[in-house]
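Have a look at the structure below before the remarks.
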Amino acid sequence: MKEKIKTMIYHAALKAHQKGILPSPEFGEVEVEEPKMETHGDFSTNFAMTSASRQKMPPRNVAKAVLDHLSDPDHLVERSEMAGPGFINFFIRPSAWSPILKTIHAQKGRFGFSEIGKGKRVQVEYVSSNPTGPLHVGHGRGAAVGDSVANILSFCGYNVQREYYVNDSGRQIETLGRSVLLRFKELLGEKSDFPPEYYQGDYIRGLAKEVMDIKTKPDFESDEEGISFCARYAAKNITEGMRRDLEQFGVVFNRWFSEQSLYDSGKVDNVLKELHNRGMVYEKDGALWFQSSRFGDEKDRVVIRKGGQATYFASDIAYHKDKYDRGFERVIDVWGADHHGYIPRMSAAVQASGHRKDQFQVILVQLVNLLRGGHPVAMSTRAGEFVTLKDVMDEVGKDAARFIFLTRHHESPLDFDLEVAKKKSNDNPVYYVQYVHARISSIIRKGKERGAAETVSGDKPIECLSALEEIQLLKALSRYPDVVCCSAEFMEPHRITFFLMELASLFHAYYNKHRVLTEDPGLTSARMSLVLAVKEVIRNGLSLLGVSAPETM
RNA sequence: GCGCCUGUAGCUCAGAUGGAUAGAGCAACGGACUUCUAAUCCGUAGGCCGCAGGUUCGAAUCCUGCCAGGCGCGCCA
């Protein structure tokens, strides 16, 4: 609808120019918005104001020229007017909204899809938590955001791959091995001072017990062998646990990419050699530095330390190069907001390997404050005490957790209250939205019992949908494709969440005021068509968020 | 000290590319179930959009400076 209005304005301006009323043929982009106030119509444009200087005419004269040349072959507009300093407002004929139902019923679950991605290959990497401990709530938010962004991009015509980067190499893994080995030795009766820099959580003891089951006696040749065995065992085990938790959370990756594999295949060495050949690395103070400052970072960064070990950054350079080598045109990383200082150097690395700056984007996800009944839940990573993602899922359910994670812009901190998330009331937005789906499902069932089933084809006359609440619902449904598009463009799933809450609110209001199943078959059919469309869009939107749409509640 | 993010109703938050009189939910108060699911709805009230300047026809939105909070500034990950 909005697009049609844009076209109308453009054509009117063109015609006015041909008749010599508007001097310039340059119109710029025609912008159309939906005014907040009903008295300003259904759509409004500031076209006259933005092109006033170009046309060298007062805005109101430009507006008049456009208004005088509007043509409306589909008869969408009931009336149009000039307002204020030069706005042009359009009032849509109420019956012009209902054709959207036909589109929805024809496209079903694909309604709102688009081709803006043009099949472009894009990779979304998310969660990528170190395999040194279970996933906690913060990772859950990252998972929800990343997964939803991937869903949305895919829906908008991108060829999306979902990837998890496993940091299964380096010091932290060694520390993990040491931690497990030490607990293992404790189980064998050795006294130890467990160092504070080791992983403290109880799960380490659990892993040590499992190691004990495999190695019934301390038959490690050396500590080194023990560490390496425990490290490999623990990392594998923890990664498997993450995979299970994420699956329960509805998140499934196309690929789990091992950091270690980058070393094994020589890709880290290769990328450093390549950078060396191109003069982008240099030695200083016994270390090897990458010239990230040439690409906008505030200083150069070490890739090989004095002792000869590569930094995490070195494998990250190799990893990101590999992403582009695999053919991804766009790479999106979802990171915790505390890593934001890492963006400039990563971006520099991407540019250094010959890619455009805009081919690499990072979505920063802010932290989650876990509450219970308004009071903070104590969590200390150092002491290894934290509420895991699995705990939260088991307590509040997958749907509530995912939905609530997506009720905020990803860059604003989120209070997650376990009590609220469990509540089955208006406080809890997920049920508010899902309830719409269940209510409509119930109406459909009742309708079928009454033999109204065959009237639900969606192709029946729908002119009788003229109540205010019906027009509002139709307008909201018409907006959905635009919402999805924006959500994809800005990588902001919360736009869909908010849209769904608004649509749900409109539906509940409608439901309370009007009956769908009436004595009038024509009216009943039209209303069935409307609520079926609402149901379809609710399900459609929820699926982009990774939330289910129940038939009954 | 430098950099990034945030600051909107009592609380939690929306307001993309600047648009007209600032938007929800919660909490508070008052109403609505003999009806297709009350996990719902209707009504009332609530605001120097952190502060001060600037840019222009027009600013919550853009620029500058302050104030407050969070995060980051390693040859850690």
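So that the names make sense, note that chain A is the first sequence line, chain B the second, and so on, each numbered from 1. No hydrogens, no waters, no symmetry mates; every other heavy atom, side chains included, goes into these values.
Looking at heavy-atom distances under 4.0 Å, A/A509 makes contact with sugar-phosphate atoms alone, never a base. Within 4.0 Å (heavy atoms only), A/D338 reaches sugar-phosphate atoms of the nucleic acid but no base atom. Looking at heavy-atom distances under 4.0 Å, A/K306 makes contact with a base. If you check every strand for non-hydrogen atoms under 4.0 Å, A/P35 touches nothing. Across all strands shown, A/Y431 has heavy atoms under 4.0 Å from base atoms, whether or not it also approaches the sugar-phosphate. Residue A/H514 is classed as a base contact, given a heavy-atom separation below 4.0 Å to a base. Contact annotation for A/D285: base contact, defined as any heavy-atom pair under 4.0 Å involving a base atom. Within 4.0 Å (heavy atoms only), A/H508 reaches sugar-phosphate atoms of the nucleic acid but no base atom. Across all strands, A/T552 comes closer than 4.0 Å to base atoms (heavy-atom distances). At the heavy-atom level, A/Q309 lies nowhere under 4.0 Å from the strands shown. Counting non-hydrogen atoms under 4.0 angstrom, A/D300 reaches nothing in the nucleic acid. A/R515 comes within 4.0 angstrom of a nucleotide base, judged by non-hydrogen atoms across all strands.
Remark: B/rG1 base-pairs with B/rC73. Criterion, Watson-Crick or G-U wobble with two distances under 3.5 Å. Nucleotide B/rU40 forms a Watson-Crick or G-U wobble pair with B/rA32, both donor-acceptor distances falling under 3.5 Å.
Taking 4.0 angstrom as the limit, A/Y511 places a side-chain polar atom (N or O) nearer than this to OP1 or OP2 of B/rA38. The phosphate of B/rC76 (OP1 or OP2) has a side-chain N or O of A/R171 nearer than 4.0 angstrom. At the phosphate of B/rC75, OP1 or OP2 sits under 4.0 Å from a side-chain N or O atom of A/K299. Within the 4.0 Å cut-off from OP1 or OP2 of B/rA38, at least one side-chain nitrogen or oxygen of A/R439 is found. For the pair A/Y435 and B/rA39, the criterion of a side-chain N or O lying under 4.0 Å from OP1 or OP2 is met. At the phosphate of B/rG18, neither OP1 nor OP2 sits under 4.0 Å from any side-chain N or O atom of A/T50. In this structure, A/Y342 does not reach the B/rG74 phosphate: none of its side-chain N or O atoms is under 4.0 Å from OP1 or OP2. For the pair A/H494 and B/rG15, the criterion of a side-chain N or O lying under 4.0 Å from OP1 or OP2 is met.
A ring-centre distance under 6.0 Å is not found for A/H410 and A/F405.
Taking the six-membered ring where tryptophan is involved, the planes of A/F507 and A/Y511 are tilted, since the angle between them lies from 30° to 60°.
Put simply, the side chain of A/D316 and the base of B/rA77 share no donor and acceptor less than 3.5 Å apart. Counting atom types as modelled, A/H339 pairs no side-chain N or O with a base atom of B/rG72 as donor and acceptor under 3.5 Å. Between the side chain of A/H340 and the base of B/rC5 there is no donor-acceptor pair of N/O atoms closer than 3.5 Å. Counting atom types as modelled, A/S44 pairs a side-chain N or O with a base atom of B/rA20 as donor and acceptor under 3.5 Å.
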Can you list, pair by pair, the side-chain donor-acceptor contacts under 3.5 Å of residues 40-51 of chain A, counting residues two or more places apart and other chains?
from, atom 1, to, atom 2, distance (Å)
A/D42, OD1, A/K475, NZ, 2.6
A/D42, OD2, A/I92, N, 2.7
A/S44, OG, A/N89, OD1, 3.2
A/T45, OG1, A/E31, O, 2.7
A/T45, OG1, A/F47, N, 3.0
A/T50, OG1, A/N46, O, 3.4
A/T50, OG1, A/F47, O, 3.1
A/S51, OG, A/F47, O, 2.6

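Mapping A/A310 and A/H409 onto RNA chain B by nearest heavy atom places A/H409 closer to the 5' end of the strand. For the pair A/S505 and A/T407, nearest-nucleotide mapping onto RNA chain B gives the more 5' position to A/T407.
A salt bridge is defined here as a Lys NZ or Arg NE, NH1 or NH2 lying under 4.0 Å from an Asp or Glu carboxylate O, and A/E419 with A/K423 fails to meet this definition.
Atom NE2 of A/H276 has 12 or fewer heavy atoms from other residues, nucleotides or ligands within 6.0 Å. Counting non-hydrogen atoms of other residues, nucleotides and ligands closer than 6.0 Å to CZ of A/F295 gives a total above 12.
Not a single side-chain hydrogen bond (donor to acceptor under 3.5 Å, both in side chains) links A/S114 to another residue, sequence neighbours left out.
Here B/rC26 presents its C1' atom at 13 Å from OH of A/Y432, a figure rounded to the nearest Å.
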